[in-house]
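Below is one structure; the comments refer to it alone.
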Amino acid sequence: MYQRQYLRTEPQTTAHLAQTMSLLKMNNGELIEEIERILNENPALEKIEEIRCPQCNRKLFPGQICPKCSQPNRGDNDDAIVFLSPRNDFQYQKDVLTDDEYQMEDFTPDTVELPEYILRQIMFDLTDSEREIAAHIVLQVDEDGFVPEKNASIAQYFHVPISKVELIRNMIMHADPIGVCATSPEEAMIVQLDILRETVELPPYYNQMVRDHIASISKKDYKKIAKELELPESDIKNAVRFISENLYPYPGRASWGHSNNDQATQKNVYSNPDIIVTYSNNDPGQALMVEIIIPYGGNLRISSIYKNALNESVEEKREDLKPDLDRANLFIKCLQQRNNTMRRMLEKITKYQVEFIRKGDKFIHPLTRADLAEELEVHESTISRAVANKSLQLPDGKIVPLSKFFDRSLGIRTELKEIVAKENQNKPLSDSKIAEILNQKGYDLARRTIAKYRAMEGIDPAYMRKTQYNEPK
DNA sequence: CTATGGCACGGATT
DNA sequence: AATCCGTGCCATAG
């Protein structure tokens, strides 16, 4: 049985190989576009609307996991059940920015293109007159991602009720980047919280903290907040950590704090994930469910009409039809290939990184694409492509690039963050001191490297951390 | 003199 | 072959 699977994954022809490779490096957003393109262009391929299991072709309800095919994978991996999920209730935006684009250093939100980018996402849900209003709002967006003009004044300008403007602005704010065109950082962050709530449970007081206490948060005056909300200070600290890790006050910049350390929050990418990891039954004690989202609206098939046409047609016409048929066949095969590779890869990754998924950044194991390639008996570049551009949602709701699983320094960086968080604010640790501590813990690192990690995490140098404390203004 | 950031080199990774 | 990453050296600021 091992044999059979091996044969199925091994490409047979060069055309097969080339197409599989190009499909492999696409994320779901791109894949949808590609499928649409092929559907339009090739009459031999058709889409059937009901959802079927991509492996055994059994009919499924929307969102249902194939009961048959999720089972066999269980044997070789107790920690995670990896399966392909043919959801079509997932709305993908075609032009979401991939993680890599967010990470690119020279990527700056382009003030010319951002408005268009936003408009395209909401265009189809609006009437003509509403589009005009939306355009008016979006075109005013400043480089931080805000539109300060009040709804009331916009309403007056267009002679429409305020509620209508509110509705439209709300739609804009829910588009990517989330919170864009809000009037203030607070408003943007509230919207981001709402969106996060769709996948994660959050205490209700988070909203209040964002709305009323941003000033105190940036001053690190947790006591004041704790007092006003009548909550223990530890809760507040957790909340602040969550807020600073998951929300970004300037939707146009997509980063916290000042522009010089853009790297700091690159991990917060809001787009639809290609893979979703959850605990089965939402119980952290149970196995991980790894859901690889496959974005067909239904399955792809060779069109039966086309098949009949081919059989009934005369000899010379058959010559014309054959290439289409072959291409369609090939495409379907390549998609299966892609799915299979993704599944095999995810099985290994999740097994190897269970601790990281369950317990957090600190427990990440070192892993290189080369190792994985060897184990799966595929070429390194196959893994590279399979990892590229994909995003994965962790059980806690965070969406991270799949490449995070290969981050060599993440473990050390979180260790570093903890050290800094615990340090005495009056005598901050210098880089060399931190290096010493880390060396004692068994990490072999140079002082210079600490400085780099600090910058990555957006932590200020020691002298800055000191003065910050007793300087209110 | 100490702490830190910029530049650049070489080895590993993709 | 291109890119990323850790590190050493040096200039600068306090």
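Letters go in sequence order (proteins before strands), and every chain restarts at 1.
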Specify the separation, in whole Å, of atom [atom1] of [X] and atom [atom2] of [N].
{"X": "A:H379", "N": "B:dT13", "atom1": "NE2", "atom2": "C1'", "result": "13 Å"}
{"X": "A:M21", "N": "B:dT14", "atom1": "CE", "atom2": "C1'", "result": "14 Å"}
{"X": "A:I434", "N": "B:dA3", "atom1": "CD1", "atom2": "C1'", "result": "12 Å"}
{"X": "A:L367", "N": "B:dT13", "atom1": "CG", "atom2": "P", "result": "12 Å"}

Do A:D274 and A:N389 have side chains that get closer than 4.5 Å, going by heavy atoms?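 They are not in contact (no side-chain heavy atoms under 4.5 Å apart), so the answer is no.
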Using heavy-atom distances to pick each residue's nearest nucleotide on DNA chain B, tell me which of A:S430 and A:E380 is more 5'.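 With A:E380 and A:S430 compared, the 5'-side residue is A:S430.
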Can you give the dot-bracket line for DNA chain C, where a pair is Watson-Crick or G-U wobble with both atom distances under 3.5 Å, crossing pairs use [ ], and | marks a partner on another strand? ||||||||||||||
Please indicate whether A:D444 has more than 12 foreign heavy atoms, meaning atoms of other residues, nucleotides or ligands, lying under 6.0 Å from its CG.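 Not more than 12 within 6.0 Å, no.
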So does A:E374 have more than 12 non-hydrogen atoms from other groups sitting under 6.0 Å from CD?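 Open.
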How is A:R385 classified with respect to the nucleic acid when contacts are heavy atoms under 4.0 Å: base, sugar-phosphate, or nothing?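 If one applies the 4.0 Å heavy-atom cut-off, A:R385 turns out to touch nothing in the nucleic acid.
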Would A:K351 and A:E375 count as a salt bridge (charged side-chain N to carboxylate O under 4.0 Å, His left out) here? Give the steps. CA-CA 13 Å; A:K351 183 170 189 176; A:E375 203 165 338; over 6 Å; no
Kindly point out which of B:dT4, B:dA3, B:dT14 is positioned nearest to the side chain of A:P461?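 Ranking B:dT4, B:dA3, B:dT14 by closest atom to the A:P461 side chain puts B:dT4 first.
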Minimum heavy-atom separation for A:C334 to A:Q19, with atom names?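 Shortest heavy-atom contact: SG-CB, 3.7 Å.
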Sugar-phosphate or base contact per nucleotide [nucleotides 2-14 of chain C; S, B, -; heavy atom under 4.0 Å]: ---SSBBB-----
